[in-house]
Each structure stands twice: as C-alpha cells, then as structure tokens.
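Labels below follow one simple rule: chain letters A, B, ... track the order of the sequence lines, proteins then strands, and each chain is numbered from 1.
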Number of protein chains: 2
Amino acid sequence: MPHLSKSRPYHHGDLRASLLAAAEQTLREKGVGSLSLRELAREVGVSHAAPGRHFKDKQALLNALALAGYDRLGRLLEAADDAELPLEPRLAALARAYLGFAVDNAELLELMYARKHEPGASEQMVAAVERTVGSLARVIADAQRRGEVVAGDPEDLNLVAGAALHGVAAFAAGGMLTPEAALAGVDTLVHHLLHGLKPR
Amino acid sequence: MPHLSKSRPYHHGDLRASLLAAAEQTLREKGVGSLSLRELAREVGVSHAAPGRHFKDKQALLNALALAGYDRLGRLLEAADDAELPLEPRLAALARAYLGFAVDNAELLELMYARKHEPGASEQMVAAVERTVGSLARVIADAQRRGEVVAGDPEDLNLVAGAALHGVAAFAAGGMLTPEAALAGVDTLVHHLLHGLKPR
DNA sequence: ACCTGAACACCGTTCAAGT
DNA sequence: ACCTGAACACCGTTCAAGT
C-alpha cells in the first residue's frame, strides 16, 4: 500500500503522531517484539532515518507510547469514579474500568508497566502515573473519612487495594484469566477485599 | 577473558547449561534488552551458531530461563510453607518468600510472567506454574477446611490472595516499592487481606 | 553428535547532504 | 525545520562443511 500515488510531500505533516499511531497498532497486533523503527517508517511512508528526528531513541518512542497509555488510563479511571457511590460498588466500578483497559490493551499495559520509573522517568511520566494511582487513593481516602474503611496508614490500604487490582489486571492481560472470568470475578474480588478472607 | 589459554576442546561439554547460566547473569545485570545469542556465545567461547544446536530459537532460551525460574520459585515457596502455622503467619511467610524472590530476581520474574501461557506453553512450563500456584492454593484450602477462611468458591479466594501477592511482587520487582518497604509491608498486607478493609 | 564459517536479511543510530 | 541516503556496527537464523 504505497502512499506515493501522487507526490507525497517532502514534509510529512505530523510524523510524530503518525509514528505513535502506527506503533500502537503494531503493538496491539503483533506485540512489542515486532516493533521496529524501520518498519514503522516504512508503514508511514518515510525514510528509516526520519523517526530519529522525533524520537532520539527507540526507547523514547516506547516511553511516549507508555505515557499516552497512562494518560488514557488515568482519564478512564477518573470517568469511572463516582464519588456518590458507596464504597463497594465504587471500588468495583474502578476495578472494572481498570480490568477493561487491561484486557483491551494488554501489550500496552505491559509496556507501561515495564517503563516503571527507570532512570528515564520524565516528570510527565511520573505525573501520569500519579494521576492513575490517584483515583484509587481518592476512593480509599474518602471511604476512610466516612468510616467505611478501617483506620490506619492510607499508604498501607492503598497498597493492598492497588496490589489486588494490579494483580488481576496483570492476570487478565497475561491471559491466565479469560476476559470474561476476570470481569465476572470483579465483584467477588472487591467483596473479599473489603470484607476479608477470614469469617466474621 | 579468553577461555582459550590452552586448547579449548571442540566440544564444549555442557554448552546448554553454560548458555543458560550466562544468560541469567546477563539478565540480572543488564536486563532482557541486552540479551543477545551472539554475545552469549562469545562469553561462553563458542561460535555464534552453536547456541542454535541447543535452542531452536532465542525464544526457546528465554522459555528455558523462565522454566528454571518457576522451578526455583516453586521449591522456594514449598520450603517456606509451614502447614503447622496458623493462617496469618503461614500466609505471611509465603508472601515474604515470594517477595524475596521478586526482589532478587526482578528481571527474571518479568520474563517468567511474560511467558504466560502463550502458544508455546510446554507441558513442563504449565506444570511449573501450577506448582507455584499450588502452594498458595494449599494454604487457602487448608484454612478453609479448618474454618479459618470464609466458605465459597476456592478459585475466588485464590484469585484475591494470588492477585494481591502478585501485585506487591510486581510493585517490588518494578521498583515502585523499595525492597525494604515491600518486606515491611507484608504483615499489614496479609492482615488487611484476611481481615478486610472494612471495619468489623 | 556437536560445532564452525560464511551468508542472508534484518536491525538501531549517526551524519552529511538535500529540500 | 524536516527529511533522505549511505554507512556502521550490530542482530537472529540457516546451512554446508568440518571434527
């Protein structure tokens, strides 16, 4: 599918965005392993050296991809959060949103996660991660204020809830859980998380 | 550091094992990204084509690495499990063992996890994963039998506990949690998991 | 049975030169 | 300011040939 029918302009217009879009598609369809800058350049119809103008590195492109992912996930979680809801359904809604993202963007999530906060963690990235984590923290903090959650260091509570959520998302993204099983399990997961595994 | 001082024998002896050992060291020191078959061959002192005799693929080597990882983790968990203990300390011990492994083998764990059960999941791999998961399942099943854990589908309970454990391990391996913070948080994590986030 | 050497088709990255 | 083309130093994989 050559983009060359007429006379493709020398300047692409928005090469950076095109590269990111193509990269995300490849990521989704073929995985990180099959992501090559040269191939991307070919798909977008530019020389193999052109990407270098917009991303100093292959890693830089991956970071940009991860950053965009955190942005989307952050917005998604904020949209899914309804502060009016009681704790249990509120948390379940958040969990469902996160799980949905994990299922729909498994490869991207892996990438986002791998970019942890390595040496190259830009402020932007840190901010995007904070935003994502913030949604959960808000739910817990609100609930704690309302007495719906035990007293104690909020960090500890965030850790338990965050770990459980991240764990299922990872299972779902990794294919150890079918998407259906994951989504079906959300309610009981949240229930057990709130009520504990021990009998009351 | 040439291994060639005298006359290195034409046959290496145990090339497969040497390659795996070198690979694990590189993995630990420089990450998966810097793992190349050719470099491995150089380190071990054989031609770049030699690894091909023992691993049909680079992926095959990675799978072997992951398999060995699951084996070690499985044994580690079994060793850490003490059926005499009451539920809470028993689970905490398991969690500590898993976390320790995650901290000491962060890159390997990522690899193990990425090898999920993709198309190429050998029976060996599946068995190794089952073994790892089995330790947790046993704890939950025992506790349920003793009435220390709520009734209900054991799968659901395993999922919550497994997700929480995997979550912290992933946080620790990914560097979002310092090793100290992770280990320090184990007890309260297990406590919250068992007693629930809601007040009783 | 196990390993080598050469060959092939790819990479990422850099840099002068073009538009 | 943005892109190209050639060049460099790497890859993984294959396959005849050597031991």
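In this structure, B:R75 and B:R131 have side chains that are in contact, with non-hydrogen atoms separated by less than 4.5 Å.
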Intermediate values then yes/no, side chain to side chain contact (heavy atoms under 4.5 Å, CB included), B:Q25 and B:R28: CA-CA 5 Å; B:Q25 204 196 344; B:R28 173 170 277 108; 5.8 Å; no

Apply side chain to side chain contact (heavy atoms under 4.5 Å, CB included) to the pair B:M112 and B:L73, showing each step before the final yes or no. CA-CA 10 Å; B:M112 288 161 58; B:L73 177 56; 4.0 Å; yes

Derivation of the side chain to side chain contact (heavy atoms under 4.5 Å, CB included) call for B:H48 and B:L37: CA-CA 7 Å; B:H48 65 255; B:L37 290 180; over 6 Å; no

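The shortest distance between the side-chain N/O atoms of B:S36 and the OP1/OP2 oxygens of D:dG12 is below 4.0 Å.
Distance alone, capped at 3.5 Å, is enough to place a donor-acceptor pair between the B:Q144 side chain and the B:G152 backbone.
Residues B:N158 and B:A137 approach most closely at OD1-CA, 3.7 Å, considering heavy atoms. A pairwise comparison of heavy atoms in B:V46 and B:P51 identifies CG2-CD, 4.3 Å as the closest pair.
Annotated stems with DNA chain D as a participant read C:4-8 with D:12-16, C:12-16 with D:4-8, given as range with range, by first number; only runs of 3 or more Watson-Crick or G-U pairs under 3.5 Å qualify.
Summarising the geometry, the separation between CG on A:L62 and C1' on C:dG12 is reported as 12 Å, rounded to the nearest angstrom. Atom pair B:L40:CG and D:dC11:C1' shows a separation of 13 Å (rounding to whole Å applied). In this structure, A:L15 atom CG and D:dA1 atom P are separated by 17 Å, rounded to whole Å. In this structure, CG of A:L61 is placed 15 Å from C1' of C:dC11, rounded to the nearest angstrom. Here the C1' atom of nucleotide C:dT4 and the CZ atom of B:R42 are 15 Å apart, to the nearest Å.
Closest to the side chain of A:E39, from the set C:dC11, D:dC3, C:dC3, is C:dC11.
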Considering only nitrogen or oxygen atoms on both sides, find all protein atoms under 3.5 Å from nucleotides 13-15 of chain C and state each distance.
unit_1, atom_1, unit_2, atom_2, d
C:dT13, OP1, A:D57, OD1, 2.6
C:dT13, OP2, A:K58, N, 3.0
C:dT13, O4, A:R38, NH1, 3.2

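Going from atom CD of B:E155 over to atom CG of A:L177 covers 9.5 Å, rounded to the nearest 0.5 Å.
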Which atom pairs, one a donor and one an acceptor, fall under 3.5 Å between side chains of residues 86-104 of chain B and the rest of the protein, sequence neighbours left out?
unit_1, atom_1, unit_2, atom_2, d
B:E88, OE1, B:H195, NE2, 3.1
B:R90, NE, B:D81, OD1, 2.7
B:R90, NH1, B:D142, OD2, 3.1
B:R90, NH2, B:D81, OD2, 3.0
B:R90, NH2, B:D142, OD2, 3.3
B:R96, NH1, B:D187, OD1, 3.4
B:Y98, OH, B:H166, ND1, 3.1

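Between B:H54 and A:L35, it is B:H54 whose nearest contact on DNA chain C lies nearer the 5' terminus.
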